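The structure under discussion appears below in the form of structure tokens.
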Protein chains: 2
Amino acid sequence: ASVGLAQAAERPADVPEGMGALPASVPVPADNPMTPAKVELGKQLYLDPALSKSGNISCNSCHNLGSWGVDNQVRSIGHKWQRGGRNAPTSFNAAFWSTQFWDGRAPQLEDQAKGPPMNPVEMADDTEAQLVARLQEAGYGPEFDKVFGKNGLSFNNMAKAIGAFERTLLTPDAPFDRYVRGEGDISAAAKRGMKKVDDIGCTSCHSGPLFTNNTFQQFNYGTDTGREAVTGKHDDDHYFRVQSWRNVAMTAPYFHDGSVKTLSEAVRIMARVQLGTKLSDADVADIVAFLKTLTGTPPSVTYPVFPRPAGHALNWMD
Amino acid sequence: ASVGLAQAAERPADVPEGMGALPASVPVPADNPMTPAKVELGKQLYLDPALSKSGNISCNSCHNLGSWGVDNQVRSIGHKWQRGGRNAPTSFNAAFWSTQFWDGRAPQLEDQAKGPPMNPVEMADDTEAQLVARLQEAGYGPEFDKVFGKNGLSFNNMAKAIGAFERTLLTPDAPFDRYVRGEGDISAAAKRGMKKVDDIGCTSCHSGPLFTNNTFQQFNYGTDTGREAVTGKHDDDHYFRVQSWRNVAMTAPYFHDGSVKTLSEAVRIMARVQLGTKLSDADVADIVAFLKTLTGTPPSVTYPVFPRPAGHALNWMD
Ligand code: HEC
Ligand code: HEC
Ligand code: HEC
Ligand code: HEC
Ligand SMILES: [Ca+2]
Ligand SMILES: [Ca+2]
């Protein structure tokens with residue numbers, strides 16, 4: 001069958017309406033066009049622990065490029081080994097989400113990137129000026145100027161460069177994507193899972209090629225009130241952005257509190273809490289087999305060289 | 001002059017005898033031949049925080065490939081934010097040293113690589129078996145088997161793969177190397193510094209193309225007894241391996257205790273403690289200018305993808 005499909009190169013009839021391959025390109029905000037130099041600068045900043053007060057923590061500490069944009073921790077380890085309040089979602093494909101953070105409190109990547117440096121349990125910089133001064137001392141000035149023009153080094157532009165880099169962190173060509181394009185096959189179990197999630201209504205929220213409709217939905221689980229703290233509206237109590245299923249097999253543990261160790265348990269809980277359904281073990285196994293077909297190809301990244309002053313160290317602080 | 005030299009492509013007459021370009025290849029132990037697959041595996045292991053009990057610390061945390069194989073900390077940050085007792089030397093060109101660690105307590109890279117995982121203030125694994133089990137669960141088994149044959153995943157082979165990778169972390173083509181090969185020029189100040197270090201005797205210890213004679217020498221500075229603790233001989237009190245000058249401008253802060261912030265101060269102290277000489281400010285500036293010409297080209301590394309289990313997280317512990 002797989003050979004036949006590969007030759008036909010057309011969408012198999014059993015793929016439910018709405019599902020599709022990962023889009024090849026992401027939305028880019030008008031005020032932050034992507035250029036190769038900006039992406040390169042953003043890559044340096046993403047990987048550079050000089051963004052943190054201690055010199056020990058980078059974006060990559062919690063969103064490791066080698067492990068699908070996550071740290072696989074229940075709650076991430078930040079400044080002085082403090083644990084944050086939520087599980088770190090992946091930076092991969094984040095460019096596709098309507099908002100950033102579990103509670104959607106950042107409209108887009110550029111806003112999001114300003115959070116961690118100033119967060120006392122993450123990178124713990126005291127002020128934006130302190131961080132900018134450190135980047136200046138490290139030698140980032142000329143690189144920012146090249147990308148953003150004279151006196152280009154600023155907190156805003158740091159966030160822009162990081163956002164531009166993150167828009168390259170896409171994971172195309174998952175087995176499901178190849179299947180839907182008629183280029184490869186997936187297992188019989190995965191096909192049953194694909195039908196099941198459509199039949200029972202998972203795809204009312206986890207819809208489309210991203211397997212999220214990018215809306216906020218109530219998830220009555222745990223003590224975190226989610227979006228209520230952002231909007232101040234009690235109606236938003238326990239609302240969270242619908243998480244994408246893209247690479248979900250590689251981003252354990254699960255849910256905003258990282259409380260669930262396995263994907264099968266997360267599926268069971270979703271069925272119960274969101275749909276009032278108790279799934280059979282066979283159904284859970286099929287759905288998990290399908291979710292595993294959504295693991296794509298991670299971006300290929302050449303390790304950057306960070307600017308550093310010659311002959312003296314940066315002034316890390318604890 | 002620089003054009004003439006570049007055309008002549010011969011060794012300039014002013015380069016002191018013994019000095020030379022970084023060797024193009026490193027010694028490789030007979031029992032650990034380098035293969036592309038082994039180097040690739042070693043690269044994954046070097047960058048993977050799964051080597052640590054917490055899942056938070058990799059070799060790269062302290063020997064960052066983006067910052068010249070160091071973390072620029074006085075003393076590195078390890079498990080639970082503990083600080084170790086010494087400054088982290090660079091992993092770049094370490095393949096050239098006669099022994100590893102400031103006190104030379106590890107004969108070669110393979111021995112060295114077994115230290116950090118078991119060090120309670122670094123990666124803090126309780127036992128070798130615990131670490132091997134975690135690597136197994138992560139999915140490293142098949143990769144080790146491909147490189148080392150059946151049941152290839154072991155603590156020993158982990159160290160071998162890391163050692164093989166580290167032998168690729170060479171930094172050729174420093175401005176000095178291009179100068180000595182007649183391919184480029186260095187500044188007049190650097191040339192004066194080059195002559196000075198030879199005249200006053202720095203190069204009795206910092207000799208040859210590596211700018212270390214790879215011996216242990218007494219350095220009566222600080223409270224660390226150095227090699228005495230390794231050999232148990234009082235004669236070795238305050239003996240340390242002569243540090244290479246390769247990339248030394250990028251590896252601040254200085255000395256085994258990281259107590260010195262600037263390269264010029266380190267030069268002043270060396271002259272005083274090792275040679276009983278007080279250098280003029282001009283001499284110090286010239287020597288620093290010369291040392292800066294020993295900053296080479298860092299290795300180009302593609303970020304690896306770590307093996308990870310699908311559908312569940314590894315069991316990190318604190
Ligand atoms: C110490 C850990 C840590 C560090 C450092 C860190 N993050 Fe995060 N990141 C998190 C956590 C935890 C969340 C979720 C927080 C929340 O939703 O309240 C998050 C959320 C995100 C999101 C939102 C993804 C989504 O699906 O909503 C993006 C994008 C992101 N981080 C990128 C970055 C970038 C870029 C940096 C560096 C500037 C960074 N992170 C630094 C832990 C970290
Ligand atoms: C009413 C909307 C809705 C429905 C229906 C729904 N989900 Fe979800 N799903 C969400 C939201 C919201 C989240 C984010 C939960 C959180 O904040 O932890 C989520 C998260 C998940 C996660 C965890 C993702 C992660 O990275 O932690 C999985 C897995 C998942 N859903 C699978 C399913 C499956 C399978 C079904 C059907 C059985 C389903 N969902 C039905 C809204 C929904
Ligand atoms: C928490 C910090 C930390 C971690 C993690 C760490 N190192 Fe180190 N490394 C150091 C320090 C500090 C020293 C010097 C210790 C000494 O001399 O007593 C050192 C020494 C070395 C040396 C000797 C270099 C020389 O010039 O003698 C090499 C090579 C090295 N480390 C490689 C590694 C590898 C490979 C790993 C991972 C398996 C690793 N390190 C993990 C901090 C660290
Ligand atoms: C008698 C041997 C000897 C002589 C002579 C000597 N050094 Fe050193 N040098 C060492 C040793 C040993 C170390 C390692 C010191 C330590 O353990 O911190 C070192 C370290 C250094 C360092 C710091 C490297 C680092 O990464 O922290 C610099 C810079 C340096 N030497 C420069 C010089 C200069 C310049 C001179 C001449 C003025 C000189 N040395 C003369 C033995 C010597
Ligand atoms: Ca997760
Ligand atoms: Ca140093």
Side-chain angles (χ1 to χ4, degrees), chain A residues 44 47-50 54-58 60-62 64-68 70-74 76-77 79-83 138 248-254 258 261-266 288 291-292 295 297-316 318, chain B residues 44 47-50 54-58 60-62 64-68 70-74 76-77 79-83 138 248-254 258 261-266 288 291-292 295 297-316 318:
Chain A
Q44 292 178 316
L47 280 152
D48 194 345
S54 66
N56 193 50
I57 295 169
S58 67
N60 197 60
S61 302
C62 302
N64 200 308
L65 298 177
S67 54
W68 305 87
V70 295
D71 54 10
N72 292 126
Q73 303 277 346
V74 174
S76 301
I77 297 171
H79 189 66
K80 293 195 178 177
W81 213 264
Q82 294 171 90
R83 303 266 177 182
V248 72
M250 306 314 288
T251 59
Y254 297 102
K261 282 195 168 53
T262 66
L263 187 53
S264 48
E265 184 60 14
V288 167
L291 293 175
K292 286 183 179 171
T295 300
T297 308
S300 173
V301 175
T302 305
Y303 209 105
V305 179
F306 314 134
R308 284 290 182 271
H312 67 97
L314 293 172
N315 201 15
W316 315 127
D318 233 17
Chain B
Q44 290 178 317
L47 281 152
D48 193 346
S54 66
N56 193 48
I57 295 169
S58 67
N60 196 59
S61 302
C62 301
N64 201 308
L65 298 176
S67 55
W68 305 87
V70 296
D71 53 11
N72 293 124
Q73 303 277 344
V74 175
S76 302
I77 297 171
H79 189 66
K80 291 194 180 177
W81 213 263
Q82 295 171 89
R83 302 268 178 182
V248 71
M250 307 314 286
T251 59
Y254 298 102
K261 281 195 167 53
T262 66
L263 186 53
S264 48
E265 184 60 14
V288 167
L291 293 174
K292 285 183 179 171
T295 300
T297 309
S300 172
V301 174
T302 306
Y303 209 104
V305 179
F306 314 135
R308 284 291 183 272
H312 68 97
L314 293 171
N315 200 15
W316 315 125
D318 233 16

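In this text the structure is predicted, and so the values were computed from the model without any measurement. Sequence lines set the chain letters: A, B, ... in the order given, protein chains first and strands last, and positions in each chain run from 1.
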*asked:* Looking at Gln44(A) and Gly66(B), would you say the former's side chain and the latter's main chain have a donor-acceptor pair under 3.5 Å?
replied: no
*Would you mind checking which part of Ile57(A) comes under 4.5 Å of any heavy atom in chain B, side chain (CB onward), backbone (N, CA, C, O), both or neither?*
side chain
_When Leu263(B), Val288(B), Leu65(B) are compared by non-hydrogen pairs under 4.5 Å with chain A, the top option_ = Leu65(B)
*Counting heavy-atom pairs under 4.5 Å to chain A, which of Glu265(B), His312(B), Gln73(B) comes out on top?*
Gln73(B)
_Please rank Thr262(B), Leu291(B), Asp48(B), Asn315(B) by heavy-atom pairs under 4.5 Å with chain A and give me the top one._
Thr262(B)
_Are Phe306(A) and Asn72(B) packed together at the side-chain level, in the sense that at least one heavy-atom pair is separated by less than 4.5 angstrom?_
no
*Going by heavy atoms in the side chains, are Arg83(A) and Asp318(B) under 4.5 Å from each other?*
yes
*Tell me, out of Asn64(B), Thr295(B), Leu47(B), who's got the most heavy-atom pairs with chain A below 4.5 Å.*
Asn64(B)
*Indicate the atoms forming the closest heavy-atom contact of Ala252(A) with Ala313(B), along with that distance.*
CB-N, 3.4 Å
_For a 4.5 angstrom cut-off between non-hydrogen side-chain atoms, does Asp71(A) reach Trp316(B)?_
no
*asked:* If you count heavy-atom pairs within less than 4.5 Å of chain B, which of Pro298(A), Pro253(A), Ser67(A) leads?
replied: Ser67(A)
*Give, as side chain, backbone, both or neither, the part of Lys80(A) having an atom under 4.5 angstrom from any heavy atom of chain B.*
both
*With only heavy atoms counted, which part of Ser300(A) is less than 4.5 Å from chain B, the side chain, the backbone, both or neither?*
side chain
_chain B contact via Pro309(A) - side chain, backbone, both or neither, heavy atoms under 4.5 Å_ = backbone
_Pro304(A) portion near chain B, given a 4.5 angstrom heavy-atom threshold_ = backbone
*Distance from His79(B) atom NE2 to Ile77(A) atom CD1, nearest 0.5 Å?*
8.0 Å
*Would you mind telling me which of Cys62(A), Pro299(A), Ser54(A), Ala266(A) has the largest number of heavy-atom pairs within less than 4.5 Å of chain B?*
Ser54(A)
*asked:* For the interface with chain A, which of Val70(B), Asn60(B), Leu314(B) has the highest count of heavy-atom pairs at distances below 4.5 Å?
replied: Asn60(B)
*Side-chain H-bond candidate by donor/acceptor type, Trp81(B) with Asn56(A), under 3.5 Å*: no
*Can you tell which part of Ser76(B) gets under 4.5 Å to a heavy atom of chain A, answering side chain, backbone, both or neither?*
neither
*Answer whether the closest heavy-atom distance between the side chains of Val305(A) and Met250(B) falls below 4.5 Å.*
no
